[in-house]
Amino acid sequence: MEKRWVQALNSNKEATDLLAQQLNIDRSLAEILVQRGITTFDEAKDFFRPQRSQLHDPFLMKDMDKAISRIDEAIHTAEKILIYGDYDVDGTTSVALAFSFFRQFSRHLEYYIPDRHKEGYGISTAGIDYAKSKGITLIIALDCGIKSNDKIAYANELGIDFIICDHHLPGEELPAAVAILDPKRADCPYPFKELAGCGIGFKLAQAYCFAHQLPDDLYEQYLDLVMVSIAADIVPIIDENRTLAYFGLQKLNTKPCTGLKALMDSCGKNKDFTITDVVFTLAPRINAAGRMDHGNQAVKMLLCTEDNLAAEQSLFINLQNTDRKASDQNITAEALALIDESEVLIGKKTTVVYNENWNKGVIGIVASRLTEKYYRPTIVLTHSNGLLTGSARSVPGYDLYEALLGCADLLEQFGGHKFAAGLTMKHENIEAFSERFENIVGATITDDLLCPEIHIDSEISFTQIDGKFQRIIAQMAPFGPMNPAPVFVSTDVMLAGRPYVVGTKHLKLNVKQQNSAIFEAIGFGLAEFENLLQPNVLFSVCYTVEENIWKEQRRLQLNIKAIKIQNQYDK
């Protein structure tokens, strides 16, 4: 599907010129900083040089004092505490962090991850019953619980208190927990609202250290786990998340926890990790445990303190990830066939597909693949525990959660955010749901949102690109939502030698402009241009500027995102 090229507008030229002068950087880079809300020297200093002092006071979070007080009571009276979390990356890193941290102060600690296939997402009755059978009187729930009003009420009847550490949007009524840590609470004054679930757990550990005047190292040692959750949960990498990700990457690349180190070794890369590397190598492996077997396996690995046990556990998780790949490829192929064979489905603005035999653990990945292919809100459903259960994915700019709200009476349960959600429904409601979901989306989505776009930060000449230019871009990392790697466009580009295909669909080429140096470039998925690009034919490229590391050699490289021959693109 051809993408629209959309170039950002610079509306503050004075601030751009001043910032370029103050920082002694290329004006195009200053322009990008201004576009991202960085307009003064001090703001740029904070951005380029994150400090731990930029982390917010954890006691600004509503109910943090209540949470610490209840945990103190439990520790001092030797109550049994259960650390409860979801089975995905954010949930398992949260549990590993909280369990490992509080294990330093209490021997009466257990952890619990619900079974994706038997219990589903969030707080389960089975989990609460397990706690009761073990004599547990306090549950600390991470990355879930904010909408589990009925389950919390059930726990209260059994004499079990809950502390909820969640980052999802609350419902109209909060559950009756002892403490609810969630910056998205309407009454929470915490200055940053976009922490991941593991980030909330980190703030709880930080608050405990503050309250008891303990060394910062006791909670900062978990920064690598927090960073992995930030990367995997696709939360905005701005404000506090940027600081946590920045220092978390430093720790991952210098002194990772034993479990993450083993996982890094098992995937053949153990240094120079970026957020992108975490997203595409570590996160899928951690997720595979909960998708193919049980999330406990991931927590077990993350809690390892002995190298040999961690290596053994990471090997097991690697095998699960291999099985996951095969499963999601097969299901994706089946889902694509369902759509391709139906003119009705092809013509819609949404995709809703169902097969009772699809693996519940991988339908979220399949939904993402279908969204990439057809670029529209997508829901993939399968059968589980007498109901249909599904994963939903959206396209950038469209609020999927709002669309699901309009279908709430047809659903047994749903939760998530504007980009992704999970849902369950009765089998008899699938047709009515599919029709209403299509009608709601059709009435509220605009045509431009149904066409993928490449956001271009600035138009530059190749003559502007040098080592200093690339080093400044590198200092803008970690990249992610709301702080993506800058994308540039250059026109009147020509080949410098013959392009060739690597793998089956990637294009390697050398490019130049008149009077510029020659740059190595790679275009992932752009093999179709091998024969379309000819000597002396001008074309435009949009791309990121990167450092390519290969066999200890570091070279500047352009990562080409799209090519247009004859220098035509939409501004």
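FYI, side chains are in, hydrogens and waters are out, and symmetry mates aren't considered; it's all heavy atoms of this structure. Please read these numbers as outputs of a predicted model, since none were measured by experiment.
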### Tyr219 and Phe202: CA distance, side-chain angles, deciding distance, ring-ring contact (aromatic ring centres under 6.0 Å, His included) verdict
CA-CA 7 Å; Tyr219 66 88; Phe202 180 84; 5.4 Å; yes
### Task
Measure from NZ or CZ of Arg376 to the centre of the six-membered ring of Tyr374 and say whether it is under 6.0 Å with the direction within 45° of the ring axis.
yes
### Arg393 to Phe419 six-membered ring, cation-pi geometry met (6.0 Å, 45°)
no
### Query
Does NZ or CZ of Arg116 fall inside the cone over Tyr121's six-membered ring, less than 6.0 Å from its centre and within 45° of the axis?
no
### Task
With sequence neighbours excluded, tell me which residues meet side chain to side chain contact (heavy atoms under 4.5 Å, CB included) with Asp187.
Lys62, Arg185
### Query
Parallel, tilted or perpendicular: which describes the rings of Phe192 and His56, with under 30° parallel and over 60° perpendicular?
tilted
#### Entry: Lys269 charged N/C atom sitting above Phe273 aromatic ring, 6.0 Å / 45°
yes
### Task
Please step through side chain to side chain contact (heavy atoms under 4.5 Å, CB included) for the pair Tyr112 and Ile83, ending with a clear verdict.
CA-CA 6 Å; Tyr112 188 94; Ile83 309 296; over 6 Å; no
### Query
Is there a donor in the side chain of Glu110 and an acceptor in the side chain of Tyr130, or the other way round, less than 3.5 Å apart?
yes
### Task
May I ask you to check if Lys147 and Phe414 form a cation-pi contact, with NZ or CZ under 6.0 angstrom from the six-membered ring centre and within 45° of the axis?
yes
### Task
Check whether any side-chain N or O of Tyr190 sits under 3.5 Å from a backbone N or O of Lys184 as a donor-acceptor pair, and report yes or no.
no
### Task
Verify whether one side chain among Tyr87 and Glu119 offers a donor that lies under 3.5 Å from an acceptor in the other.
no
### Message
Using modelled atom types and a 3.5 Å cut-off, is there a donor and acceptor pairing between side-chain atoms of Asn483 and backbone atoms of Phe479?
### Response
no
### Query
Are the side chain of Asp182 and the backbone of Ile164 linked by a donor-acceptor contact shorter than 3.5 Å?
no
### Query
So, His427 versus Tyr354, ring centres under 6.0 angstrom or not?
yes
